[in-house]
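Scroll down for the structure; my scribbles are underneath it.
Note: hydrogens, waters and symmetry copies are ignored here, and every other heavy atom, side chains too, is used. Just so you know, ligand 1 is whichever comes first in the structure, and atom 1 is the first atom listed for that ligand.
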Amino acid sequence: MKNTVLTFKKAKEDGIKLSMLTAYDYSTAKLIDEAGVNSILVGDSLGNVMLGYEDTISVTMEDMIHHAAAVARGAKNALVVVDMPFMSYQTSVYDAVVNAGRLMKEGRAGAVKLEGGIEVCEQIRAIVNAGIPVCAHLGLTPQSINAFGGFKVQGKTEAAAKKLLSDAKAVQEAGAFAVVLEAVPAKLAELITKELDIPTIGIGAGNQCDGQVLVYQDMLGMFCDFTPKFVRRFADIGSIMKSAFAEYDKCVKDGSFPEKCHEYTVNDDVLSKLY
Ligand code: KIV
């Protein structure tokens, strides 16, 4: 069944958990979609896991559109949520609406996601008023990594916890249909989840959130540059890929691949005409 923002709303009402995974290409999106995951996030984490940057700052609108369109072609039932990259919405409400529109029109997104609380509520309101669903993102928001001074758990002090709670209420009030909570203490995420009518999607925010999201390369053991504490490895695909690549290398070099069964044939009389 097709997942939409209404699926998110109903899941919150009925207490049903929501699953979300990132994807950045057609074949992975198709596998995740066929597995029944509710939503695919085309995260700007593609800067890290696909493009090899050390953060998400350099990711462009063109990068997001290119990968979103590929994912959208592979996702039949999952709701495709696409990240608005750094400086595509912070600069003005006008930029935010235009760029959210591009992600929908050119990237075929089903919704967009942007980082921040009260300071981006005007943008959220304007994008929602343009008919585009918005997922908010609070806590450790990677586009603000330079302001945070590193990848640090958020909401640990009384002031920070109060700010997170009021940001969560503000983005809900501005019209967000869901909010991602990243690297937030579990008890605080639980409290925010109870206070909101829209679903919270946790990543490093404990199991009382309404749903969970992970970067697929992290949960498959395919990205080992850095593994956050909150990641569970559901498979070790990285090792399987590495040994398959090594086996391929060996077989090409010792001549055991390709075999007869991999060859195409041609009539001998065609060949004889060539000599
Ligand atoms: O870009 C991303 O993958 C994200 C998730 C970590 C939530 O924003």
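In this structure, Asp33 contributes its side chain and Lys76 its backbone to a donor-acceptor pair below 3.5 Å.
Every atom of ligand 1 is numbered from 1 in the order shown, and the set under 4.0 Å from a heavy atom of Thr22 is 3 (O). Each of the following atoms of ligand 1 lies closer than 4.0 Å to a heavy atom of Glu182: 6 (C). Per-residue contacts place Gly43 under 4.0 angstrom from the following atoms of ligand 1 (heavy atoms of the residue considered): 1 (O), 2 (C), 3 (O).
For atom 6 (C) of ligand 1, the closest non-hydrogen atom on the protein side is Ile203 CD1, 3.6 Å. Here the heavy atom of the protein found nearest to atom 8 (O) of ligand 1 is Lys113 NZ, 2.9 Å. The nearest heavy-atom contact from the protein to atom 2 (C) of ligand 1 is Ser45 OG, 3.3 Å. Among all protein heavy atoms, the one lying closest to atom 7 (C) of ligand 1 is Leu41 CD2, 3.7 Å.
In the hydrophobic clustering of this structure, Leu140 does not group with Ile201; members are Ile, Leu, Val, Met, Phe, Trp, Tyr whose side-chain heavy atoms approach within less than 4.5 Å, directly or through other members. Tyr89 and Val128 fall within the same hydrophobic cluster, defined by Ile, Leu, Val, Met, Phe, Trp and Tyr side-chain heavy atoms under 4.5 Å apart, directly or through other members.
Between His67 and Tyr24, the ring planes lie perpendicular to each other; the angle is over 60°, past the 30° to 60° tilted range.
Classification of Lys169 and Glu173 as a salt-bridged pair fails, no side-chain N sitting under 4.0 Å from a carboxylate O.
Only the side chain of Asp83 comes within 4.0 Å of ligand 1, counting heavy atoms alone; its backbone N, CA, C and O stay farther away. Within the 4.0 Å heavy-atom criterion, neither part of Leu46 lies near ligand 1.
Looking at every heavy atom in both residues, Met104 comes nearest to Pro133 through CE-CD, 4.3 Å.
Remark: Asp44 CG to Glu115 CD distance equals 5.5 Å, nearest 0.5 Å.
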